[in-house]
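Model, not experiment: these values are computed from the prediction. Letters A, B, ... mirror the listed sequences (proteins, then strands); counts begin at 1. Side-chain atoms are counted along with the backbone in the values below, which use heavy atoms only and exclude waters and symmetry mates.
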2 protein chains.
Amino acid sequence: MPDDRAYPSGGVHGQVVYQIGRQIVSGEIAVGSDLPREVELCERFGTSRQAIREAIKVLAAKGLIEPRRRRGTRVRPRAAWNLLDPDVLLWHAPDGFGPDFLADLLELRATIEPAAAELAARRGDPARLAELGAAIEDMRLAGLDPVRFYDADIRFHVGLLLASGNSLFAQLASPVRAALTASFRLQERIGGPQENGYAIHAAVYEAIAARDTARARAAMAFVIEAAATELRPVMTPAPESTTGA
Amino acid sequence: MPDDRAYPSGGVHGQVVYQIGRQIVSGEIAVGSDLPREVELCERFGTSRQAIREAIKVLAAKGLIEPRRRRGTRVRPRAAWNLLDPDVLLWHAPDGFGPDFLADLLELRATIEPAAAELAARRGDPARLAELGAAIEDMRLAGLDPVRFYDADIRFHVGLLLASGNSLFAQLASPVRAALTASFRLQERIGGPQENGYAIHAAVYEAIAARDTARARAAMAFVIEAAATELRPVMTPAPESTTGA
DNA sequence: TGACCCTAATAAGTACGACATATTGCGGAG
DNA sequence: CTCCGCAATATGTCGTACTTATTAGGGTCA
């Protein structure tokens, strides 16, 4: 699982970043409310003010909070959060994202990934395309084994963004990975991977390998549409649990 | 200029974040190389280690550097940088992005903005659409005044992303704004705004206001294509200056 | 009574000094 | 020549003291 997130990480301040970050993203600390004072956080976490301050600076760098003199440190509105930041996305995961955010993620995928497929078909680096082919082959070998299938699936979709040759598309690997992970968890409730999963992905790869830009785009759009169709009935019931492990 | 960046900001540590961030992004501190030791940075900036450490944590949170015990703090490969982070983008601006990165930005715009136009046409909040209309009207009034035109232009494109109703599309306001700002600077070399600028933007707005999704998408794609066509001759000569203000 | 200014309290910002800990490279023993 | 262990190094953590911006509240004057 080649992740790019940095928090949670070893070290005291990293733990604090994760704890507070999770509490904010999960809504436990409400948007617009004030964090406890630094000294109070020191007592709560049993750490020095140095560690607390470093954690606050990290969270502020990701747009979650805004420290100000005398007023204290306030949680910024969600629109100000760096939602595409790998860490911020990761902190969403335990709560399952929620139907609205998942829908946004799917729309982003439906927009980006077909374009990425087209670019990869047009100018994709052969080495990258080989990795895509390997991922497809692993999907075939995985059969109905969910773990192997999902792993190969992620490798394919992320690899596609890298193969697009666009550094900004590559940045969207985190949200795509997050969306896939969340989708897997939902799909498991209705019984494992789709039977046609391998076939529709292979169609994308073959179009890219054949340098057929239009077909690559269309095939990829179909993959996303299939995922959206499958998820639609599952994601409508909004989950209420905030205590989920 | 409604910005969402946080650095440069008041305060000592904010200055350090900006200085080092700029040096890394501009290449003055090479990728893969080590930053000076914290104590040495203290002397150089004339600050305490506290401020230096907070700055390092902020830059690490944005993926630029990776501190490690005993080894020191190393500049991470560019692929690890959070290129969509508003601050990281802003730190690119003084160097003019460079042709490759600008091309990536344009591809991102060409992918995202037509989709955003379609979504805005489908379900855009009337209040947001009104803002779009106001921006269009300002573009008309601006005539050939570059400053007014560019301001309205940015308001239109950013407003469109907000009107899409997708929180992740909204996150891409920063890169879009960055791309527009960079484009303006290049276009000025070949003589101000395009004459048909207002007309092609107005076409997008009218399609959205008429809730015509297909026309909105097509009109927006045309706007981006026009911008790309106009920039193509200007952005090929790679700028050499790193000393820019 | 109401508006205004000044003061004091507050919480983040900065600074300095010390120690802890992980990691790497070097040198000696086998 | 290999391997083990020690020492050097740079970040990580801690504690305390002081500074500064900001705001709330009280007191004064019109």
From A:L172 atom CG to A:H157 atom NE2, the distance as rounded to the nearest 0.5 Å: 14.5 Å

Nearest whole Å is fine: how far is C:dA12 C1' from A:R74 CZ? 14 Å

So, for B:Y18 and B:Y7, is the gap between ring centers shorter than 6.0 Å? no

Starting from P on C:dA12, measure out to CD on A:E66 and report it in whole angstrom. 13 Å

Look at B:T73 and D:dT11 and indicate whether a side-chain polar atom (N or O) is within less than 4.0 Å of OP1 or OP2. yes

Atom-to-atom span, CD of B:E38 to P of D:dT9 - whole angstrom: 16 Å

A:I154 and A:F184, any side-chain heavy atoms less than 4.5 Å apart: yes

Comparing A:R70 and A:V12 on DNA chain D - which has the more 5′ nearest nucleotide: A:V12

Distance in angstrom units between B:D34 CG and D:dT9 P, rounded: 16 Å

Are B:L64 and B:V75 close enough that some pair of their side-chain heavy atoms sits under 4.5 Å apart? no

In whole Å, what is the span from the CZ atom of A:R37 to the P atom of C:dA9? 15 Å

Atom pair OG (A:S26) and CG (A:D95), whose distance is rounded to the nearest 0.5 Å: 5.5 Å

On the six-membered ring of B:F101, is B:R78 placed so that its NZ or CZ lies under 6.0 angstrom from the centre and within 45° of the ring axis? yes

Assuming nearest nucleotide by heavy-atom distance, tell me which of B:R68 and A:G72 is located more 5' along DNA chain C. A:G72

Once you round it to whole Å, what is the distance between P of D:dC14 and CD of A:Q15? 12 Å

Can you sort out which residues in residues 41-62 of chain B have a heavy atom within less than 4.0 Å of DNA chain D? Ascending by number, please. B:R49, B:R53, B:K57

Can you see if the side chain of B:H13 gets near the phosphate of C:dG13 - specifically, an N or O under 4.0 Å from OP1 or OP2? no

Please check if the side chain of A:D138 supplies one atom and the backbone of A:A152 the other of a donor-acceptor pair under 3.5 Å. no

Ranking A:R69 and A:G14 by the position along DNA chain D of their nearest nucleotide, the one closer to 5' is A:G14

Any B:R71 side-chain nitrogen or oxygen under 4.0 Å from OP1 or OP2 of C:dT23: no

